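Structure first, commentary second.
One is the number of the first residue; the rest follow in order along the sequence. Whatever order the structure lists them in is the order used to number ligands and atoms, beginning at 1. Just so you know, these numbers come straight off a predicted model, no measurement behind them.
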Amino acid sequence: MDEPMPTRWSFQDFKMFYDAKFGRKKEAEQKENVLVSNVHTNGTNVVNEEFRNQANGISSETTNGKPQKSLLPPFDSAETRALGESLCRDIIRGNPDVKWENIKGLETAKRLLKEAVVMPIKYPKYFTGLLSPWKGILLFGPPGTGKTMLAKAVATECNTTFFNISASSIVSKWRGDSEKLVKVLFELARHHAPSTIFLDEIDAIISQRGEGRSEHEASRRLKTELLVQMDGLTKTNDLVFVLAATNLPWELDAAMLRRLEKRILVPLPEPEARRAMFEELLPSIPGEEKLPYELLVERTEGYSGSDIRLVCKEAAMQPLRRVMVLLEEEPDVVPEDELPKVGPIKHEDIETALRNTRPSAHLHAHRYDKFNADYGSHIVQ
Ligand SMILES: Nc1ncnc2c1ncn2[C@@H]1O[C@H](COP(=O)(O)OP(=O)(O)OP(=O)(O)O)[C@@H](O)[C@H]1O
Ligand SMILES: [Mg+2]
């Protein structure tokens, strides 16, 4: 039998109801108190166990042998400290495992990047005075041509603290917070120097200021803070680099462009680079029919690196499709060790793949060339 509902509420019932309805706010308040009290009791060093562990992890990796460094610099308030902690999650630890050899072609871009970032970090002695390193570097080019890959290769090759910042980690929905985030980010980067701040898709963070009245006050302040901080970098000897990537370079503010002094075009892949990609993604198997690499290279003029990946995937899918037709005729699920073998890729599979994959980025290629001619960095022999 069901219990009748109480007609009068006891204090306990009331409390349960209240917690269920308004409890969340109370909990948050409690959490905040805990955080603040932690900061008070632990002094300005490391907030809690988790961060202490992380701090050990990072210092042993990046400062090999040198005295250990805490993960966070001594911040002046609990608020900036909390922002600093959230940015720490964007530090790439270990390495993203992209090597220069994994990136096909793009020899000019690689050489300019090595000259601008890798060498000054490895041999700071040469890069002083007039030759002090470029602090702002922009990678621009059509989508899917390897800009993000290049930045990751920099992170892998030169063992610096690497901050991987995208628009989502820097644009806070709280008014005014983004601007503080930027300030804290640069403070963290200086604390962990040498470091690289990678701003991917920078056009999303900063586009031309003051376009009509549509621009939000808070986002204008964010941009201004970024400009001020980047200006600060050029005046000091701290090894902090800003590496930015975009596929809409013409949307950048003139002031931002001035601070990104080194502008490197990452173009669509040349025939040799395309061939290298095909040979890596669709390796020829000894004893099987040789794949028509010449044809692939010829027919993919204007394809980006990621388009080429799609062509290869499509081609490799065809033999699997043939197997799947067979499997669909089976009444039951075939056990794993009895599955039929997937055959080799045939000539017509390549044709099908080429027909079904269209280039996505070639239409604007000339705009990038023009931007490069007007603003880009070149290798002068
Ligand atoms: N030069 C290249 N060598 C090898 N693979 C490449 C190259 N360029 C592009 N790719 C392939 O394309 C994929 C996308 O590359 P990436 O993310 O670096 O492009 P992106 O230039 O950052 O594009 P977006 O501007 O859209 O962010 C890579 O994961 C890789 O598989
Ligand atoms: Mg990218």
Is there a continuous path of hydrophobic side-chain contacts, each under 4.5 Å between heavy atoms, that joins I197 to L257? yes

CG (L150) and NZ (K110) are apart, to the nearest 0.5 Å, by 7.5 Å

For the Mg ion (ligand 2), every protein N/O/S atom that sits closer than 2.8 Å, waters excluded: T148 OG1

Can the ring centres of Y368 and W250 be said to be less than 6.0 Å apart? yes

Ignoring hydrogens and angles, state whether a donor on the side chain of T148 or D200 is under 3.5 Å from an acceptor on the partner side chain. yes

I'd like the contact residues of ligand 1, where contact means a heavy atom below 4.0 Å. N102, I103, K104, L106, P143, G144, T145, G146, K147, T148, M149, E201, N247, M277, G305, S306, R309

Kindly compute the distance separating CG (L243) from CZ (F162), expressed to the nearest 0.5 Å. 6.0 Å

So, using salt bridge (charged side-chain N to carboxylate O under 4.0 Å, His left out) as the criterion, who are the partners of D374 when residues are at least two apart? K370

Go through it in stages, so that I can follow the logic: the residues are F163 and F198, the test is ring pair (Phe, Tyr, Trp, His ring centres under 6.0 Å), and I'd like the CA-CA distance, side-chain angles, deciding distance and then a yes or no. CA-CA 6 Å; F163 294 80; F198 176 47; over 10 Å; no

Qualifying salt bridge (Lys or Arg N to Asp or Glu O under 4.0 Å) pairs with a residue from residues 336-350, counting only residues at least two apart or across chains: R322-D349

How about T300 and R274: does a side-chain donor come under 3.5 Å of a side-chain acceptor? yes

